[in-house]
Each structure stands twice: as C-alpha cells, then as structure tokens.
Amino acid sequence: MSAEPREAHLAGVASPRPRRRGRPPLNPDGEANGPAETTPQRLLRVSAELFAERGFDATGVQELSDASGLARGALYYHMKSKQDLLHSIAAGLLDEVNERARRLAAQDAPVVDRMRLLARDLLRDLATRRAAWTVVQRDWRALDPPRRQEVADLRDEYEAIWQRLFDEGADQGVLEPVDPILRRGIMGLFNSSYLWIDDRGEVPTDEIADRLLRLLLHGLARE
C-alpha cells in the first residue's frame, strides 16, 4: 500500500502503526493507565465521544475546542487536522486489539479455547470503549486514502488472526472449513455488538462472548 510517513500526528502521541512498544495503554474509559490523563489523551477521548455522538463530518473544530478545554491555538498544537484525530483513534485502537489478539492466539491451548479468549477480549473492548469503536466501525471511511488503507489493513490483520484459528481447527477436524464469506459473517456477529453491548448491563460481557461463540460452534438447532 502507499503509506504516509510514520511520524506523530498528535504532539506527545506516537503514530499508531510503528507503536508496538512504548505507547501508554488505554484503560476502558480511553484514558492512559496512571494517575492523570494527559492533554493528548484527553483530546483523543473527547474527540471519540463527539465523533460517536454527532458523526465525524458534523463535528466542528470549535466543538472539539470546547469539549477538550483547549483554545484553538492549543488545539492546533496537538493536532494538524480532524483527520489526524480520526486516524489516531481508529488505527490506535485496532493496533492495540491486534497486539492482544496475536498473544492470545499464540497461547498453548486448544483452538476453541483460544477462539473463546479472542471473543471475550473483543467484546470487553467493544463494551468499555463504545465511543471509539463507533468511530472505528462507522467513520473510518472518512479518512484520506493512505490512512483509510492503513486502517483497512489493520482490520484485515485482525480477521486474519481469526482465520488462522479457523484453518487450524479445520485441519484438526474440530471445525468446519471457514471461507472468506463465512469469516466476514462471523466477524460481523461479534463486531456489531458495539451497537448494543454495555459493560454495566445485567449480563457480563464474557458470558455474552461465550453465548455468541456457542451459537457459532453449535448453531440453534437441537440435536
């Protein structure tokens, strides 16, 4: 793909793609783990909330300034454009999810157990960072072509981790073969949960993940 230079888009925040180590992880509220939220982290959090509520195109710079508590001059110190914010939200979130998914998929455990770990991890993230996931799922196509391709590659990377587990299960005879059409349907089953899942709901997110995986593995028909 044609990639843009890998440099920071937000002052004090590393560009998502080269970050494999060193970028502070985010807690479920979108804040860095630690005693205080930094200005760039606050800007990313409130931007995700505004984009999720109003849409990327409908959110103005003045609204970002008001919500973040940054004057316009300070705002432009931390960002070059709204595109930078959208890119950092989408690519940063997917980069983190992919990093965890690679570790979980590589564990020494039966393939179905690793699928369960992936499903639980994804639904926990969807439930606790709904604003950012809304932006990722709905607004990522508003990115310019190079950055849109980068986010598409990250999405494909995540699906490829699942595909390797599907293929491993099929080779072992414990799963039916999964082709790209089925994979997209399966991923849609999990990914669309951001529309309704709530980490404060009556049913824990791990149980929801287990139910969806059980539906995937066994279907609805009675034996």
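For the atom pair CZ (Arg164) and CD1 (Ile161), the distance works out to 5.5 Å, reported to the nearest 0.5 Å. Note that the CG atom of Leu118 and the CZ atom of Phe190 stand 9.0 Å from one another [nearest 0.5 Å]. Summarising the geometry, atom CZ belonging to Arg116 is positioned 12.5 Å from atom CG belonging to Leu165; distances are rounded to the nearest 0.5 Å. Atom CD in Glu53 sits 11.0 Å away from atom OG1 in Thr134 (nearest 0.5 Å). Once rounded to the nearest 0.5 Å, the distance linking NE2 of His87 with CG of Leu85 reads 11.5 Å. With rounding to the nearest 0.5 angstrom, the CH2 atom of Trp133 is 10.0 Å from the OG1 atom of Thr128.
Annotation: Phe56 is not in aromatic contact with Trp140 [ring centroid separation under 6.0 Å not met].
By the 4.5 Å heavy-atom criterion applied to side chains, Phe51 and Arg54 are not counted as neighbours. Side chains of Asp167 and Trp162 form no contact here, defined as non-hydrogen atoms less than 4.5 Å apart. Asp210 is listed as a side-chain neighbour of Arg120, based on a closest heavy-atom distance under 4.5 Å. Two residues are said to be in side-chain contact when any heavy atoms from C-beta on lie closer than 4.5 Å; Leu212 and Leu123 meet this criterion. With contacts defined as side-chain heavy-atom distances shorter than 4.5 Å, the pair Leu122/Leu126 qualifies. The shortest side-chain heavy-atom distance between Leu75 and Ser68 falls under the 4.5 Å cut-off.
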For this session: Could you walk me through whether Asp153 and Gln149 pass side chain to side chain contact (heavy atoms under 4.5 Å, CB included), step by step?
Result: CA-CA 6 Å; Asp153 289 344; Gln149 184 61 55; 2.8 Å; yes
For this session: Could you give me the CA-CA distance, side-chain angles and deciding distance for Glu96 and Arg129, then say whether salt bridge (Lys or Arg N to Asp or Glu O under 4.0 Å) is met?
Result: CA-CA 12 Å; Glu96 291 177 11; Arg129 294 200 285 184; 3.2 Å; yes
Exercise. How far apart are the C-alpha atoms of Ile186 and Phe166, what are their side-chain angles, what is the distance that settles it, and do they pass the side chain to side chain contact (heavy atoms under 4.5 Å, CB included) test?
Worked result: CA-CA 11 Å; Ile186 292 166; Phe166 295 147; 4.0 Å; yes
Exercise. Between Arg100 and Asp125, is a salt bridge (Lys or Arg N to Asp or Glu O under 4.0 Å) present by the stated rule, with each step listed?
Worked result: CA-CA 11 Å; Arg100 292 198 308 271; Asp125 211 88; 2.9 Å; yes
For this session: Could you give me the CA-CA distance, side-chain angles and deciding distance for Leu217 and Leu175, then say whether side chain to side chain contact (heavy atoms under 4.5 Å, CB included) is met?
Result: CA-CA 8 Å; Leu217 295 174; Leu175 296 176; 3.6 Å; yes
For this session: Please test Asp121 against Arg124 for salt bridge (Lys or Arg N to Asp or Glu O under 4.0 Å), starting from the C-alpha separation and ending with a verdict.
Result: CA-CA 5 Å; Asp121 179 75; Arg124 288 172 195 158; 5.1 Å; no
Problem set entry | side chain to side chain contact (heavy atoms under 4.5 Å, CB included) assessment of Leu64 paired with Ser47 | CA-CA 6 Å; Leu64 292 170; Ser47 297; 3.5 Å; yes
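Among all heavy-atom pairs drawn from Ala52 and Arg138, the shortest one is O-NH1, 3.1 Å. The two atoms that bring Ala48 and Val135 nearest to each other are O-CG2, 3.6 Å, heavy atoms only. Scanning all heavy atoms of the two residues, the minimum distance from Arg42 to Leu70 falls at NH2-CD2, 3.7 Å. Considering every non-hydrogen atom in both Thr59 and Gly55, the closest pair reads OG1-O, 2.8 Å. Closest approach of Thr205 and Ala127 over heavy atoms only: CG2-CB, 3.5 Å. Contact between Val111 and Gln172 at its shortest, heavy atoms only, is CG1-OE1, 3.8 Å.
Contact check on Asp84 versus Lys80 returns no salt bridge, with no Lys/Arg side-chain nitrogen under 4.0 Å from an Asp/Glu carboxylate oxygen.
With hydrogens and angles left out, the side-chain atoms of Arg114 and Gln107 include no donor and acceptor closer than 3.5 Å.
Heavy atoms from other residues, nucleotides or ligands lying under 6.0 Å from CD of Glu176 number 12 at most.
The residue from Asn98, Val136, Asn191 that alone fulfils the side-chain contact (heavy atoms from CB on, under 4.5 Å) condition with Arg155 is Val136.
Without hydrogens or angle criteria, Arg183 side chain to Gln163 main chain gives no donor-acceptor distance under 3.5 Å. Not one N or O on the side chain of Arg148 forms a donor-acceptor pair closer than 3.5 Å with the backbone of Ala142. No donor-acceptor distance shorter than 3.5 angstrom exists from the side chain of Glu159 to the backbone of Asp156, with no hydrogens or angles considered.
The same ILVMFWY cluster, assembled from side-chain heavy atoms under 4.5 Å apart, contains both Val203 and Leu213. Cluster annotation: Val112 and Leu215 are assigned to distinct hydrophobic clusters (Ile/Leu/Val/Met/Phe/Trp/Tyr, side-chain heavy-atom contacts under 4.5 Å, transitive).
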